Amino acid sequence: MKLIDGKETAARVKEEIAAEIARRAAEGKKTPHLVALLVGNDPASETYVAAKVKACQLVGMKSTELRFPADATAEQLIETIDRLNSDDDVDGYIIQLPLPPHLPADDLLGRVDPAKDVDGFHPFNVGKMMLGLPAHLPATPAGILELLHRHRVETAGRHCVIVGRSNIVGTPLAVLMSRKSPRANCTVTLCHGATPDLKTFTLQADILVVAIGVPRFITPDMVKQGAVVIDVGVHRVPAPTKSGYRLVGDVDFENVAPRCSAITPVPGGVGPMTIASLLRNTLEAAR
Ligand code: GUN
């Protein structure tokens, strides 16, 4: 069993991004600038945004965190979105999800300038991705493709089974993995919470990607011997550690890993690649 080390791979991607930012600076070009909007105090969102800001600092990218209270109004956010759209210093920005339920997430995401939509969540970018046209790709699916490519996981003609149909991960990943491209070209099955007898499908997977949001959901009896398993989940579970918790994924790692030819750990698998892809999108937006 090979561990697919996303932390190490993301570090290499970030080195490449840092080198290009330094090259651009030497040519007198502006420093790319990423802005993150964070509404409320969701602990996971706080952690993710802090990690994104830290990664920007590491590669020499400018970053700004804009914080709003949990009861912020749609008007306040619209005003900020409009300002960011017309601010030439801002190359890209993200609205950290989930938003509090009183806010119209789809309307707000649809107001982001598609050129600055480095999360790839705007319908214009989603549509271009669907058609295989150049667009900002959502960071987690893009990070997974990069991880598979850099770890030389054969994809062409293989069966990729995805568990979870979110707009952020499962659905765009199904589109990207089925593309006629050297980095994809899979036969794809997209499973979800209403799939009956899920195991029938997961057992067929050469590449199994799990983004269902349930801790340790995938057990060894659901995985084919020799499969490649990509775990997108991140959950805090109580544990006798200093913090009182530890992180686990959607896959029962300890018991599933021995069956796999390769598997991503949690933490240190997909998460760091998501951040690296966001930085890459921001650099591309600046270009
Ligand atoms: N929440 C969970 N994943 C993401 C992501 O990739 N981008 C944003 N903006 N919010 C998220």
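All residue numbers refer to positions in the sequence shown, counting from 1. Each ligand, and each atom within it, is numbered from 1 in the order the structure gives. No experiment lies behind these values; they were computed from the predicted model shown.
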Output a table of donor-acceptor pairs, distance under 3.5 Å, between side-chain atoms of residues 207-216 and any protein atom two or more places apart or on a different chain; print 'none' if there are none.
none

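- Using a 4.0 Å cut-off between a side-chain N of Lys or Arg and a carboxylate O of Asp or Glu, K30 and D91 qualify as a salt bridge.
- Contact annotation: the side chain of V153 approaches that of R158 to within less than 4.5 Å [non-hydrogen atoms, C-beta and beyond].
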Can you give each donor-acceptor pair under 3.5 Å made by side-chain atoms of residues 126-144, sequence neighbours left out, with the distance rounded to 0.1 Å?
| from | atom 1 | to | atom 2 | distance (Å) |
| --- | --- | --- | --- | --- |
| K128 | NZ | P134 | O | 3.4 |
| H136 | NE2 | A115 | O | 3.1 |
| T140 | OG1 | T274 | OG1 | 3.1 |

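- Applying the salt bridge (charged side-chain N to carboxylate O under 4.0 Å, His left out) criterion to D252, with sequence neighbours excluded, gives no partner residue.
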Check ligand 1 against the protein and report each N/O to N/O distance under 3.5 Å, formatted as atom name, atom name, distance.
| from | atom 1 | to | atom 2 | distance (Å) |
| --- | --- | --- | --- | --- |
| ligand 1 | 1 (N) | Q96 | NE2 | 3.3 |
| ligand 1 | 1 (N) | L97 | O | 2.9 |
| ligand 1 | 7 (N) | D119 | OD1 | 3.2 |
| ligand 1 | 7 (N) | D119 | OD2 | 3.2 |
| ligand 1 | 9 (N) | I95 | O | 2.8 |
| ligand 1 | 9 (N) | D119 | OD2 | 2.6 |
| ligand 1 | 10 (N) | Q96 | NE2 | 3.3 |
| ligand 1 | 10 (N) | L97 | N | 2.9 |

Practice task
Start with the C-alpha gap between V251 and F217, add the side-chain angles, then the distance that decides, and say whether side chain to side chain contact (heavy atoms under 4.5 Å, CB included) holds.
Solution key: CA-CA 6 Å; V251 175; F217 180 75; over 6 Å; no
